[in-house]
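Below: the structure, in structure tokens.
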Amino acid sequence: MTEFEITPRGGVEEVGRSCYQVQTGDRDYLVDCGLKQSHTAEFPTFRGLEPGQIDAVFVTHAHIDHIGGLPVAEQRGLFADDASIIMTRPTNALATILLHDSLQIHKQEADELGRPQEFTSDDVKRVLDRVTSVGYDRDHHLNVTYEFGDAAHLLGSSWLALEFDERRVVFSGDLGGRSAHLDDIDDPPEADELLLESTYGDTMQHRSFSDARTEVYEQAKQAQASGIPVLIPTFAVGRAQEILQLFREREDDLRSAVDGEPSIVYDGMITDSMPVYEVFCQDEFMGDSIINYRINSNDAEPFTPECAWTPETMDERERLLDGDNAPIIVAPSGMLTGGWSPYYLRDLARHYDEARVLFIGYQAEGTPGREILDAPGDDANVQITALPAAEDYDPETDDFGFQEQKIRIPTAWVREIGGMSGHAAANDLLEFAREADPLGISLVHGPPGAATHLREHLADNTDAERVQTGQHLATIEVGQSDVITPDVERLLERQTRLEEELDALREEIEKVANRQRAREKKN
């Protein structure tokens with residue numbers, strides 16, 4: 001049997017830097033290649049890979065913990081000259097935005113630490129030049145057959161099936177199924193091996209997504225009606241659109257609750273990603289509800305409330321949180337590791353006695369968001385990186401770059417709202433695993449405690465012969481069952497039916513031709 005092996009180079013026993021090397025005979029592939037966001041970025045372990053060794057990359061979705069390492073691999077020359085990076089069309093559009101943003105953050109971090117950059121703008125360009133965009137399709141590349149299916153986690157997100165030498169492995173990517181504008185998760189094919197995410201493996205079932213949306217809205221509405229500013233730190237891609245869509249749907253109710261026009265502000269990379277969502281709002285990658293809304297309402301911006309706007313200058317940003325205004329601000333990043341959310345959080349701390357900070361997503365260890373949630377007392381003292389306020393700007397030194405700053409946040413301001421996560425919980429992961437019905441399951445993309453809980457849950461409730469937590473650089477051999485054989489049999493059955501239909505069609509054509517010849521003889 002020809003070699004078919006998977007080696008995790010990141011994304012095991014952690015959330016971040018997902019990267020899996022797949023060896024199929026004499027070919028080497030990567031499935032995802034991300035970075036881990038913390039105080040300093042961590043990239044996959046590329047040790048042992050030779051220059052030009054990687055023949056292609058398959059990308060499950062555009063979040064930076066799945067694509068952020070691609071420019072580093074490019075910079076190190078790991079890709080073959082003709083290596084393609086294969087992803088869905090929306091993933092391509094979003095990756096372009098996210099990789100350029102990641103480069104700016106990386107430049108800033110390298111400068112602060114006094115280290116050389118791991119990659120440059122040329123590396124980002126070369127990565128994007130390699131991209132091959134596809135749909136939720138099944139196709140062949142080099143010596144593997146691949147299939148993308150809807151993972152319902154992010155616009156364009158997918159699970160991936162790879163087939164080689166009569167064996168199949170399914171990579172779940174990040175599974176969702178919790179969105180007001182995406183479809184449900186597509187059922188995966190049966191597999192010999194399943195690499196399954198475990199981010200929320202210790203949560204049996206999320207609360208109702210509808211209830212979570214309602215809580216976010218009610219918290220923001222109550223604060224707005226009371227003149228209290230609200231900050232919602234969030235992913236600029238995916239979660240931000242969910243939040244803005246929520247306010248768009250309930251905008252009339254929000255207006256009735258406040259004295260005057262509500263103020264909803266979104267900033268940063270959200271403004272760059274919004275056009276991508278609008279373009280793909282009439283495509284296979286969106287759910288029927290948002291497509292139907294756009295058609296019936298003739299609304300070309302279905303994610304944007306009428307009262308929402310984005311600041312274009314620093315002066316506008318300075319005036320937003322001056323102690324008198326009380327806007328609802330939706331800003332990246334969701335864990336306060338960069339973007340505009342730390343900037344606005346700092347201004348809240350400086351100018352307000354009362355505010356609301358709504359955490360709606362996972363807060364990874366080592367991030368300011370996690371430090372705020374874990375603070376034991378009345379105040380959380382955290383270090384953030386943000387542009388300085390106007391009063392801190394030193395015109396003599398022209399020091400107006402991103403700076404590390406200590407701020408104090410009253411913990412009473414903070415609300416952690418569960419149920420808004422874009423990741424599936426344990427029972428939904430179990431359902432996906434049962435559909436794949438693999439011989440072996442390796443758990444990835446999750447904290448150790450969550451993976452341990454999910455491993456026990458799957459071991460008790462699936463027919464898998466082996467359920468394990470993936471280990472860094474520990475090779476996983478893809479065993480063989482008969483999952484490919486039924487596919488071959490179905491193809492042969494279909495070929496037989498088509499041949500029978502073709503024979504019948506030929507007979508019908510011959511009959512028509514004979515009748516035509518008979519009429520011609522009579523004439």
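- Tyr343 and Asp267 form no side-chain donor-acceptor contact under 3.5 Å, judged by distance and modelled atom types alone.
- Side-chain contact, Asp324 with His351: no donor N or O sits under 3.5 Å from an acceptor N or O.
- In Glu416, the CD atom is not crowded: 12 or fewer heavy atoms of neighbouring residues, nucleotides or ligands sit closer than 6.0 Å.
- Between Val59 and Thr91, some side-chain heavy-atom pair lies under the 4.5 Å cut-off.
- Lys125 has a carboxylate O that lies under 4.0 Å from a charged side-chain N of Asp129, or vice versa, which qualifies the two as a salt bridge.
- Glu312 is linked by a side chain to side chain contact (heavy atoms under 4.5 Å, CB included) to Glu316, counting only residues two or more places apart in sequence or in another chain.
- Between Thr234 and Glu242, every side-chain heavy-atom pair lies at or beyond the 4.5 Å cut-off.
- With respect to Arg76 and Glu118, a salt bridge is recorded, a charged nitrogen being found less than 4.0 Å from a carboxylate O.
- Just one of Asp32, Leu99, Thr60 meets the side-chain contact (heavy atoms from CB on, under 4.5 Å) condition when paired with Ile67; it is Leu99.
- Across every non-hydrogen atom of Ala433 and Ile441, the tightest pair is CB-CD1, 4.2 Å.
- Remark: Lys221 engages Glu218 in a salt bridge, criterion side-chain N to carboxylate O under 4.0 Å.
- At least one side-chain heavy atom of Phe432 sits under 4.5 Å from a side-chain heavy atom of Val170.
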* May I have the step-by-step check of side-chain contact (heavy atoms from CB on, under 4.5 Å) for Arg207 and Ile417, ending in yes or no? => CA-CA 10 Å; Arg207 69 184 292 198; Ile417 300 177; 4.1 Å; yes
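- Taking the six-membered ring where tryptophan is involved, the planes of His61 and His63 are perpendicular, since the angle between them exceeds 60° and thus also 30°.
- The two residues Ala83 and Ala56 come nearest to each other via the heavy atoms CB-N, 4.2 Å.
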* Test Arg9 against Leu473 for side-chain contact (heavy atoms from CB on, under 4.5 Å), laying out the working first. => CA-CA 6 Å; Arg9 292 185 169 273; Leu473 300 180; 3.9 Å; yes
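- In summary, Glu404 and Lys406 do not engage in a salt bridge, as defined by a charged side-chain N under 4.0 Å from a carboxylate O.
- Residues His66 and Asp174 have side chains in contact (heavy-atom distance under 4.5 Å, counting atoms from C-beta outward).
- For the pair Thr310 (side chain) and Tyr266 (backbone), a donor-acceptor distance under 3.5 Å is present.
- Here Glu431 pairs with nothing under the salt bridge (Lys or Arg N to Asp or Glu O under 4.0 Å) rule; sequence neighbours left out.
- Checked against His423 for a side chain to side chain donor-acceptor pair (under 3.5 Å), the options Arg178, His445, Glu197 give a single hit: Glu197.
- Annotation for Asp184: atom CG does not count as buried by contact number, only 12 or fewer foreign heavy atoms lying within 6.0 Å.
- Asn325 places no side-chain N or O within donor-acceptor distance of the main-chain N or O of Pro327, the cut-off being under 3.5 Å.
- Looking at Glu109, its side chain does come within 3.5 Å of a backbone N or O of Ala41 through a donor-acceptor pair.
- From Arg17, atom CZ reaches atom CD of Glu42 across 5.5 Å, with rounding to the nearest 0.5 Å.
- Relative ring orientation between Tyr29 and Phe58 is described as tilted, the plane-to-plane angle lying within the 30° to 60° band.
- Pro233 and Leu231 make their closest contact through CD-O, 3.4 Å (heavy atoms, listed as atom of the first residue, atom of the second, distance).
- In this pair, His181 and Tyr277 present their aromatic rings perpendicular. The plane angle is above 60°, beyond the 30 to 60° band.
- Judged purely by atom type and a 3.5 angstrom limit, Gln363 uses its side chain to pair as donor or acceptor with the backbone of Gly334.
- With no hydrogens or angles considered, a side-chain donor-acceptor pair links His472 and Thr45 at under 3.5 Å.
- Here the straight-line distance linking atom CD of Glu13 with atom OG of Ser198 works out to 9.0 Å at 0.5 Å rounding.
- By the 4.5 Å heavy-atom criterion applied to side chains, Met335 and Phe359 are not counted as neighbours.
- Side-chain atoms of Thr411 come within 3.5 Å of backbone N or O of Gly377 as a donor-acceptor pair.
- Taking both residues in full, the closest heavy atoms of Val258 and Gln224 are given as CG1-CG, 3.1 Å, listed atom of the first, atom of the second, then distance.
- In this structure, Asp101 and Ile64 have side chains that are not in contact, with every pair of non-hydrogen atoms separated by 4.5 Å or more.
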* Would you check, one step at a time, whether the test side-chain contact (heavy atoms from CB on, under 4.5 Å) holds for Ser121 with Leu103? => CA-CA 7 Å; Ser121 59; Leu103 172 63; 3.7 Å; yes
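- With values rounded to the nearest 0.5 angstrom, Leu94 atom CG is found 11.0 Å from Asp272 atom CG.
- Looking at Ser226, its side chain never comes within 3.5 Å of a backbone N or O of Ile228 through a donor-acceptor pair.
- A donor atom on one side chain and an acceptor atom on the other are not found under 3.5 Å apart for Gln75 and Thr120.
- Remark: the backbone N or O of Phe119 is paired with a side-chain donor or acceptor of Gln117 at under 3.5 angstrom.
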* Steps toward salt bridge (Lys or Arg N to Asp or Glu O under 4.0 Å) verdict (Arg126, Asp123) -> CA-CA 5 Å; Arg126 284 192 287 267; Asp123 299 311; 2.7 Å; yes
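- Checked for salt-bridge contact, Arg415 and Glu215 miss the test: no charged N lies under 4.0 Å from a carboxylate O.
- To the nearest 0.5 Å, atom CD of residue Gln241 and atom CG of residue Leu246 are 13.0 Å apart.
- Within a 6.0 Å sphere centred on CD of Gln53, heavy atoms belonging to other residues, nucleotides or ligands number more than 12.
- Between the side chains of Gln245 and Glu249, at least one donor N or O sits under 3.5 Å from an acceptor N or O.
- When all heavy atoms of Leu155 and Pro90 are compared, the pair lying nearest together is CG-CB, 3.7 Å.
- The main-chain N or O of Leu321 is never found under 3.5 Å from a side-chain atom of Tyr344 such that the two would form a donor-acceptor pair.
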* To do: Give the C-alpha distance, both sets of side-chain angles, the deciding distance and a yes or no for side-chain contact (heavy atoms from CB on, under 4.5 Å) between Ile232 and Ile328.
  => CA-CA 8 Å; Ile232 306 178; Ile328 298 170; 4.3 Å; yes
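- Atom CG of Leu254 is separated from atom CD of Glu261 by 9.0 Å, given to the nearest 0.5 angstrom.
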* Asked: Given Arg248 and Glu251, is the salt bridge (Lys or Arg N to Asp or Glu O under 4.0 Å) satisfied, shown in steps?
  -> CA-CA 5 Å; Arg248 192 268 299 160; Glu251 190 167 7; over 6 Å; no
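- Atom CD1 of Ile384 and atom OG of Ser341 lie 8.5 Å apart (nearest 0.5 Å).
- Two residues are said to be in side-chain contact when any heavy atoms from C-beta on lie closer than 4.5 Å; Leu348 and Ile329 fail this criterion.
- Of all the heavy atoms in Gly361 and Tyr200, the pair that sits closest is C-OH, 4.4 Å.
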